[in-house]
Structures are given as C-alpha cells and as structure tokens.
Protein chains: 2
Amino acid sequence: MKVLIVEDDPLHRAYLGEAVRAALPECDTVLEAADGLAGERLAREHTSERVVLDLQMSPRNGIEAARTIWRERPETRILFWSNYADEANVRGISRIVPAGAAYGYVLKSASDERLRLALRSIFIEDQCVIDREVRGLQQKSAGAVSGFTDSEYEVLIDIALGLTDRTIARRRNLSLRSVQNRLQQLYEKLGVYQPNDGDAEARFNLRSRAVTVSLLRKLVNHTALERAEMDLARWLERDGHTQK
Amino acid sequence: MKVLIVEDDPLHRAYLGEAVRAALPECDTVLEAADGLAGERLAREHTSERVVLDLQMSPRNGIEAARTIWRERPETRILFWSNYADEANVRGISRIVPAGAAYGYVLKSASDERLRLALRSIFIEDQCVIDREVRGLQQKSAGAVSGFTDSEYEVLIDIALGLTDRTIARRRNLSLRSVQNRLQQLYEKLGVYQPNDGDAEARFNLRSRAVTVSLLRKLVNHTALERAEMDLARWLERDGHTQK
DNA sequence: AATCGACATGCGGGAACCCGCAGATTTGGA
DNA sequence: TCCAAATCTGCGGGTTCCCGCATGTCGATT
C-alpha cells in the first residue's frame, strides 16, 4: 500500500510521515511532495489511491490539487489536514468532493491518536471522517440561521474583490436592483447594521464593513480571495472582448 | 543561561527546542509556552532575557507579547520566528522595538544553519539579525516608491475596518476633505485605477478594491485586522461617551 | 384555484463617495 | 528669514450606493 503526503512545511511533513508509518503498518511506501503541483504530478505518476493533503500551500493549494486528483481518479481517498476550520475552506471542499468518495478533514491541532484513527478509517475502511469543529461549519453552511445562500456568498465574494454593483450585475446576469437586493440580505445576515442608538449617525460603510466582518469571521480568507481574483481576471478578459 | 520559547505549534516548538540546545551549549534551561499570554507570564516569572517568539498565535500574538515583555525589560533579546514576511508584521515590530534592543526576524523556511547563526548572534553577541526577505520590506516601508506614509497606512486600516469617511475624520481629527485626499493618494499608490481603456466604464469600487489589493499584497493581514478591530472598538466606546 | 414565500426588476430620492480647483497652514531646509 | 514643498481645508459637481415602495414571475402548499 502506498500513501502520498503533500505538505509544504518540512516539519509537518516529517511528522505526517511518522504518523502514517505508525498507523498503517500495511503501508510499504510513503511518497512526499512539498507543494500542490508536485503533489498532482506524483499522484498521477504513481496512480496514488491514498493522499494526505495540506490546505494552504503555494503554488497550488490543497483544494485545487484535490480537484485535479479527483478529476483523474474520483475514487482516490483524500485526507485534508489543515490549520484552520474556515468556512471558505469547508465550502471549497464540499464543492469538489465526488459522489461516494472517501475523504476526511482533520485539524493540525488534533491529537496523535485522533490522527491515527482518521488515517485508518479513511484509508482502510473507506469512511468519511470530519473533525468535530469543522462539522459545525458544515451544518451552518447548509442553511441554518447564520447560513448563506450560494447567491449571497457570490455577491460577498464580488464585493470583496472590489467590484461595482453594475459590474456584478453584468457578471452574474442580473439587474442592478437585484444585486442590491442581495447585498441588503447579506448586510442583514452579517449583522452589519450599527446598533443605531437613537439618531447616532452611520459609522460604517456597509459595503466595506461587510467584507471586514467576513474576514474576521473567516467566511472568506486569503487563499479564497486569491482564487476569486484569478477567476475575475479571466472573466474580465472575456468581457472585454464581447463588450466591444 | 535560560531561553524562553513561545510557539503554539507543538511540532515547531519541539524543533525550536532542539535548535536552541544545539546552537547554544551554554544554555542550561529551555522554557516553553504555547501562547502569548503564557509566554508573558513565564517571561515575567523567570525574568527571561532571551526569548524566541512566534508571530501569529492566539490568544495574544507575538507582537503584543513582545510589547509587554519589552515594556517590563527593554533589554530583553527577542527573536521573532514567523511564517511570512508581511508588511503588516514588519511595521508592527519596528513600531515597538525599544532603542538599542537586540532582536531578530527569521522566517520559518530558513535553513537550520541560518537559524543557528541567528540564535548565536542575537543571544550571545547582542546583534540584530533580520532575514533578507524581510529586510526588503523594511526599506520600502521607510519611504521608497511603493512605500506608504504612516498616515496613508492609517486610512488604509480605517477603510479596511469599514469606517465612513466622516468617522475616519473624527477619529483622526481631520476634515472630511483631508481624509478624502489621503484616500486619493492611497488609491494612486495602490494602482487601483483601472487601465481606463478609452471610455470603458468603471469596474471597481475604488474603496473596496483598495482593501482587496492590500490584502492580496499582504499589506494588511488577518491578525493586523483583528488588532485594529479591537482598537476601533475601544475608540468607539470612548467616542460614544464624549459625543453625547 | 387561491395563497404564500422567494426572487427579479423598475423608480425615485437621500446620503455617501470621488475628485478638480483654489486658498490657507505647516514644515523643512537654503 | 524666507521660499518651496507638503499638508489641510472648503466648495461644488457628478457618480455610485443604500433602500423603501410597487409590480411581476415561479414553484410549493393548502
């Protein structure tokens, strides 16, 4: 049995290697890669069926790497190993996991024992293992009180990128007013309206403030922004042509 | 000789411990703490004179911890050990280092040897050691082409927090127009103006876009935002009283 | 069939924002 | 001491943004 480890921090990579060898005696070879691109390449060359992936790497973060790996072999078992439990990451992963695939999400702060169990459950038993704290986010993102619609998340990204209402409208094929409607819903759900103590004047620029609190609450993060920025650049390119 | 290590990741903590013992045979005791608060406490109890500090921890990140440590004993030698070379971090540190203090800034990606040299230079020779990549930022932040004035950085933070022009004016004791002037300079330096191909309409909301590119360029980061948010909350508190 | 909720769209107005212009004030050297 | 550069300030305007109100569509429920 082979296991591929993709992780940019050499310390964590060594630690993972140890953990894998200890938890999986049936594993005879451990491959290692230091970034997403190298990871994809190794996975392809060795037709890896078991992968441990760090999120936040560069170039090519864990989510992107997972997408291409799963596109080539959807039955690959992937364990995501990350520092944080951000909504941006969870949303990103649940968007790309193929039907029926075995995968897991374990935080780096987890104990050795929890990591060991996750490794065996996913790689041997083909079960899904999601860390408890991450689980909480998943529930929410599926539509509870603090849950956002996909379309609301879309405008959130768009204003985080700094787009104009009008531009958002064109990009999403909506009218100007509809975009503004979504924005209002977003402001509502983010609780971005000032307490409005009596007649106190407005202190916040709602649009910017919305981005701020999303960042503070980790609804979006740096890597999500980077990815969105690249998508945007591609769209701007296309739009520039068609508009002329 | 004693050395205090403050680092939340247990792996990195262990690695640092090893590195310190190897580089400094004259060091007989190594203390360890897992977050900023515990670090400050240990430093106080043991009157530590040599500290290795991780930035980005919680609660209480490295910069805050360094500030209280230096306030109590300005001659303490501190080695900052961090993942990134952000402008936000560099600016934060250079703001709090006492005159004549020995300190260093080494990236986690540095080689064992470089870390060893830094440890000896700072803790034994009382020299300052700044990683080359970080050095680059320091130059810039002191006023080159892409360098920002302190006041420009101030408004950047303020709009990143989502404040209104008017609120910024009150907070910084400026007129509305002055704030807007600074904003224009900021937009200029961030290169946030669209190429303006002929008569193409504006695609970006300048204000939001400015925040976006600052994030992408790591001029501000999550922890800087969090800190600024707390400062803001404190000011809002005070302002609420005086305004009534 | 009637009703309800979620979403899209138009209109209109008040507030905030972006910015050119021009005068005042401060600052840092010759 | 005096000049020049940088910074602060007010005025006026065009634009964008925020949002209440009204209308229309579509699917699910009763």
Side-chain angles (χ1 to χ4, degrees), chain A residues 142-145 147-196 198-214, chain B residues 142-145 147-196 199-213:
Chain A
V145 181
F148 294 78
T149 316
D150 279 347
S151 53
E152 281 158 3
Y153 198 72
E154 256 180 6
V155 280
L156 171 56
I157 295 293
D158 283 343
I159 63 169
L161 286 174
L163 292 180
T164 300
D165 286 6
R166 195 186 311 281
T167 311
I168 301 179
R170 221 187 23 259
R171 188 179 185 196
R172 306 296 182 189
N173 285 318
L174 288 173
S175 79
L176 225 165
R177 189 61 181 94
S178 299
V179 173
Q180 296 175 335
N181 265 336
R182 289 190 182 178
L183 280 175
Q184 279 184 254
Q185 298 163 218
L186 189 67
Y187 298 155
E188 190 68 40
K189 291 200 183 175
L190 282 175
V192 99
Y193 294 97
Q194 50 253 304
N196 206 347
D199 53 345
E201 68 189 74
R203 287 197 151 95
F204 288 122
N205 175 318
L206 295 183
R207 172 180 286 252
S208 302
R209 184 62 179 170
V211 177
T212 311
V213 320
S214 325
Chain B
V145 181
F148 294 77
T149 317
D150 280 348
S151 53
E152 282 158 5
Y153 197 71
E154 256 180 6
V155 279
L156 172 57
I157 295 293
D158 284 341
I159 64 171
L161 286 173
L163 293 179
T164 299
D165 286 7
R166 195 187 309 281
T167 310
I168 301 179
R170 224 190 18 261
R171 188 178 185 198
R172 306 297 183 189
N173 286 317
L174 288 174
S175 79
L176 200 68
R177 190 59 181 93
S178 298
V179 173
Q180 295 176 336
N181 265 337
R182 290 189 180 180
L183 280 175
Q184 278 184 256
Q185 299 165 217
L186 188 66
Y187 298 155
E188 190 67 40
K189 292 201 182 174
L190 282 174
V192 99
Y193 294 97
Q194 51 253 302
N196 205 348
D199 52 347
E201 69 189 75
R203 285 196 153 98
F204 289 121
N205 174 318
L206 295 182
R207 187 192 203 73
S208 302
R209 185 62 180 170
V211 177
T212 311
V213 322

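Note on naming: letters A, B, ... go to the chains in the order of the sequence lines (proteins, then strands), and numbering restarts at 1 for each one. What you are looking at is a predicted structure, and each value in this text was computed from that prediction instead of being measured.
Taking 4.0 angstrom as the limit, B/Gln184 places a side-chain polar atom (N or O) nearer than this to OP1 or OP2 of C/dG20. Taking only side-chain nitrogens and oxygens, A/Arg207 comes nearer than 4.0 Å to OP1 or OP2 of D/dC18.
Comparing D/dC8, C/dA16, C/dA8 against the side chain of B/Arg166 picks out C/dA16 as the nearest. Taking the side chain of A/Asn205 as heavy atoms from C-beta on, and the options C/dT9, C/dC17, C/dC19, the nearest nucleotide is C/dC17. Picking from D/dC18, C/dC7, C/dC17 the nucleotide with the shortest atom distance to the side chain of A/Leu206 gives D/dC18. When distances are taken from the side chain of A/Arg177 to each of D/dC21, D/dC18, D/dG10, the shortest belongs to D/dC21. Nearest to the side-chain atoms of B/Ser178 among the listed nucleotides D/dC8, C/dC18, C/dG10 stands D/dC8. When distances are taken from the side chain of A/Asp165 to each of C/dT9, C/dA16, D/dC17, the shortest belongs to D/dC17. For A/Gln185, taking side-chain heavy atoms from C-beta onward, the closest of the listed nucleotides D/dC8, D/dC17, C/dC7 is C/dC7.
When all heavy atoms are compared, the tightest approach of A/Leu190 to A/Ser214 is CD1-OG, 3.8 Å.
Atom CD of A/Glu188 and atom P of C/dA6 are 13 Å apart (whole Å). Distance, A/Arg172 CZ to C/dA8 P: 13 Å, rounded to whole Å. Following rounding to the nearest Å, B/Phe204 (CZ) and D/dC17 (P) show an atom-to-atom distance of 13 Å. In this structure, CD of A/Gln180 is placed 16 Å from P of D/dC21, rounded to the nearest angstrom. For the pair A/Leu183 CG and C/dC7 P, the computed distance is 14 Å after rounding to whole Å. Rounded to whole Å, atom P of C/dC19 lies 12 Å from atom CG of B/Leu186. Atom OH in A/Tyr187 sits roughly 7 Å away from atom P in D/dC19 (whole-Å rounding). Atom-to-atom, CG of B/Leu163 to C1' of C/dC17 comes out at 15 Å; the value is rounded to the nearest Å.
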Derivation of the side chain to side chain contact (heavy atoms under 4.5 Å, CB included) call for B/Asp165 and B/Leu183: CA-CA 9 Å; B/Asp165 286 7; B/Leu183 280 175; 3.7 Å; yes

Go through the steps for B/Gln185 and B/Val155 under the test side chain to side chain contact (heavy atoms under 4.5 Å, CB included), then give the verdict. CA-CA 10 Å; B/Gln185 299 165 217; B/Val155 279; over 6 Å; no

Begin from the C-alpha positions of B/Arg170 and A/Arg203 and carry the test side chain to side chain contact (heavy atoms under 4.5 Å, CB included) through to its verdict. CA-CA 10 Å; B/Arg170 224 190 18 261; A/Arg203 287 197 151 95; 3.6 Å; yes

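Counting only heavy atoms from C-beta outward, the side chains of A/Arg207 and B/Arg207 never approach each other to under 4.5 Å.
Residue B/Thr164 is classed as a sugar-phosphate contact, given heavy-atom separations below 4.0 Å to backbone atoms only. When heavy atoms are screened at a 4.0 angstrom cut-off, A/Leu176 is found touching no nucleic acid atom at all.
Within 3.5 Å, no donor on the side chain of B/Asn181 pairs with an acceptor on the base of D/dT7, nor the reverse.
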